[in-house]
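A short write-up of the structure that comes next.
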Amino acid sequence: MSLRPKLLSSFVGDRCLCSTPPLHQHFRYNPGSKHVTLQLSRTFSGLTNLLFNRRNLDELPNAKRERLKPGKVSPRRPVPGHILRPPYVKSKQPPGIASGPEVHDEKGIEFMRASGRLAAQVLEYAGTLVKPGITTDEIDQAVHQMIIDNGAYPSPLGYGGFPKSVCTSVNECICHGIPDSCALKDGDIINIDVTVYLNGYHGDTSATFFCGDVDDEARQLVQVTKECLHKAISICAPGVEFKKIGKTIHDHADKYRYGVVRQFVGHGVGRVFHADPVVLHYRNNDDGHMLLNQTFTIEPMLTIGSSNPIMWDDNWTIVTEDGSLSAQFEHTILITQDGAEILTKC
């Protein structure tokens, strides 16, 4: 079977566009397969299909929690007509990663600060809703309402056909979880990924939250993932090589023997949802330097067990192949004369 080079951004899933060298050298996708693979990464064994097909078993091996299951997805929520929509909303084909960096003038920077601030406020509010018994669809409803009440558009809604306004990734879900009728349980962890489109600019952020009484193993994973993000941000400045981000994250994750998910990446963000550069979260030798007034995301995803991702039949939800926990944190940052400014904080 021939392979087409594919590039996986943090919100593209298997709907990816071919990229130009050297980026295409990193990724590959098997058409007709649910496996998202990376060249030179660990090869999937023959057990992968078995693991994928067993995702609906009630319990994971040697674990107290239940395996994640899909629930019922409610109808798409409306957005008032006066709210500016991103161009991709009218198409079911996502635009992929746009070529060229997002570098802004003074006015653009202020718009980026505004969209980043709103995204952070929405995420903070969403986190307060996390408790046993709430459904991820109820979180989506609250997020959707807060975004449109502030005159913004929820960027995920309609991106490549994505049906909801936020991503909710629970336990072994690495990313792109679709909010549905499933209720959170005591001891769960959940990543909530918020992006808003305000005045023609996207602000993108996520965090992993605790639901009720979470065990020490999960708490440490979440804490270390957050540390990876902030350590990576701390080394950013004009002229710094992007590959230093991956090394910083990978070095810290290695101290705890956590897996680093390679198939999903950070990206430029601003007037478009996904742009250059591709920000790899693992050790790499890619070229590229940070530019003054450039905006992009860093969004490491760590796992306790296997870092190999498998896609559900919905073509969005990405889970660990062995059902082990995954955590993620994300910020949109602006490169300044002095280093980096986090745009997605309250």
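These numbers were taken from a predicted model, which means no experiment stands behind them. Heavy-atom basis, side chains included; hydrogens, waters and symmetry copies ignored. Just so you know, residue 1 is the first one in the sequence shown, and it goes up from there.
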Discussion item. Please enumerate all residues that pass side chain to side chain contact (heavy atoms under 4.5 Å, CB included) together with P80, with sequence neighbours excluded.
Written reply: H82, I83, I148
Would you call [X]-[Y] a salt bridge at under 4.0 Å N-O?
{"X": "D140", "Y": "R77", "result": "yes"}
{"X": "K164", "Y": "D137", "result": "yes"}
{"X": "E172", "Y": "R65", "result": "yes"}

Item to complete: If the plane angle is over 60° it's perpendicular, under 30° parallel, otherwise tilted; pick one for F273 and H202.
Response: parallel
Practice prompt. Quick one: sort the H252 and Y256 rings into parallel, tilted or perpendicular, breaks at 30° and 60°.
Written response: perpendicular
Check for me, please, whether [X] and [Y] land in the same ILVMFWY cluster - side-chain distances under 4.5 Å, paths through other members count.
{"X": "V269", "Y": "F264", "result": "no"}
{"X": "V265", "Y": "V272", "result": "no"}
{"X": "Y159", "Y": "L84", "result": "yes"}
{"X": "M290", "Y": "M112", "result": "no"}
{"X": "V260", "Y": "I298", "result": "yes"}

Of the non-hydrogen atoms in [X] and [Y], which two are nearest, and what is the gap between them?
{"X": "H176", "Y": "W316", "value": "CB-O, 3.1 Å"}
{"X": "I333", "Y": "C236", "value": "CD1-SG, 3.8 Å"}
{"X": "G203", "Y": "A119", "value": "O-CB, 3.5 Å"}
{"X": "G305", "Y": "S324", "value": "N-OG, 3.2 Å"}

The criterion is side chain to side chain donor-acceptor pair (under 3.5 Å); which residues satisfy it with [X], sequence neighbours excluded?
{"X": "T317", "value": "D314"}
{"X": "D180", "value": "T136"}
{"X": "H281", "value": "none"}
{"X": "E124", "value": "none"}

Side chain of [X], backbone of [Y]: donor and acceptor closer than 3.5 Å?
{"X": "S91", "Y": "Y88", "value": "no"}
{"X": "D254", "Y": "R257", "value": "no"}
{"X": "N171", "Y": "R67", "value": "no"}

Fill in: Distance-only polar pair, side chains of D193 and S206, donor-acceptor under 3.5 Å
no
Fill in: Sequence-distant partners of F242, ring-ring contact (aromatic ring centres under 6.0 Å, His included), two or more places apart
F296
Practice prompt. Report the residues that fulfil ring-ring contact (aromatic ring centres under 6.0 Å, His included) with F209, sequence neighbours left out, ordered by chain and then residue number.
Written response: none
Response to the item:
Applied to residues 94-116, the ring-ring contact (aromatic ring centres under 6.0 Å, His included) test, sequence neighbours excluded, yields H104-Y201, F111-Y201
Response to the item:
Only one of D204, N191, T195 passes side-chain contact (heavy atoms from CB on, under 4.5 Å) with E330, and that residue is D204
Fill in: With sequence neighbours excluded, residues passing salt bridge (charged side-chain N to carboxylate O under 4.0 Å, His left out) with D251
K247, R283
Practice prompt. Would you sort out whether E299 and H267 count as a side chain to side chain contact (heavy atoms under 4.5 Å, CB included), showing the intermediate values?
Written response: CA-CA 9 Å; E299 43 192 297; H267 52 88; 3.3 Å; yes
Worksheet item: Counting only heavy atoms not in K243, do more than 12 fall under 6.0 Å of its NZ?
Response: yes
Worksheet item: Has Y125 got more than 12 heavy atoms of other residues, nucleotides or ligands less than 6.0 Å from its OH?
Response: no
Worksheet item: Is the NZ or CZ atom of R262 both under 6.0 Å from the centre of the six-membered ring of Y282 and within 45° of that ring's axis?
Response: yes
Worksheet item: Please walk me through it: do S306 and D322 pass side chain to side chain donor-acceptor pair (under 3.5 Å)?
Response: CA-CA 6 Å; S306 173; D322 60 358; 4.8 Å; no
Worksheet item: If you group Ile, Leu, Val, Met, Phe, Trp and Tyr whenever their side-chain heavy atoms sit less than 4.5 Å apart, what else falls in with V103?
Response: L291
Discussion item. Using the rule given for side chain to side chain donor-acceptor pair (under 3.5 Å), can you reason through Q223 versus E227, listing the C-alpha separation, both sets of side-chain angles and the distance that settles it, and then say yes or no?
Written reply: CA-CA 6 Å; Q223 178 61 33; E227 290 170 1; 3.1 Å; yes
Just list the side-chain donor-acceptor pairs under 3.5 Å for residues 334-346, sequence neighbours left out, or say none.
unit_1: T336; atom_1: OG1; unit_2: D338; atom_2: N; d: 3.4
unit_1: T336; atom_1: OG1; unit_2: G339; atom_2: N; d: 3.2
unit_1: E341; atom_1: OE1; unit_2: R113; atom_2: NH2; d: 2.9
unit_1: E341; atom_1: OE2; unit_2: R113; atom_2: NE; d: 2.9
unit_1: T344; atom_1: OG1; unit_2: H331; atom_2: ND1; d: 2.7
unit_1: T344; atom_1: OG1; unit_2: T332; atom_2: N; d: 3.0

Discussion item. Give me each pair satisfying salt bridge (charged side-chain N to carboxylate O under 4.0 Å, His left out) with a member in residues 93-102, each pair once, sequence neighbours excluded.
Written reply: E102-R271
Item to complete: Dump the intermediate steps for side chain to side chain contact (heavy atoms under 4.5 Å, CB included) on I139 and I134, then the final yes or no.
Response: CA-CA 8 Å; I139 293 173; I134 193 170; 4.0 Å; yes
Discussion item. Between V240 and I235, is the side chain to side chain contact (heavy atoms under 4.5 Å, CB included) condition met? List the steps.
Written reply: CA-CA 8 Å; V240 172; I235 59 96; 4.2 Å; yes
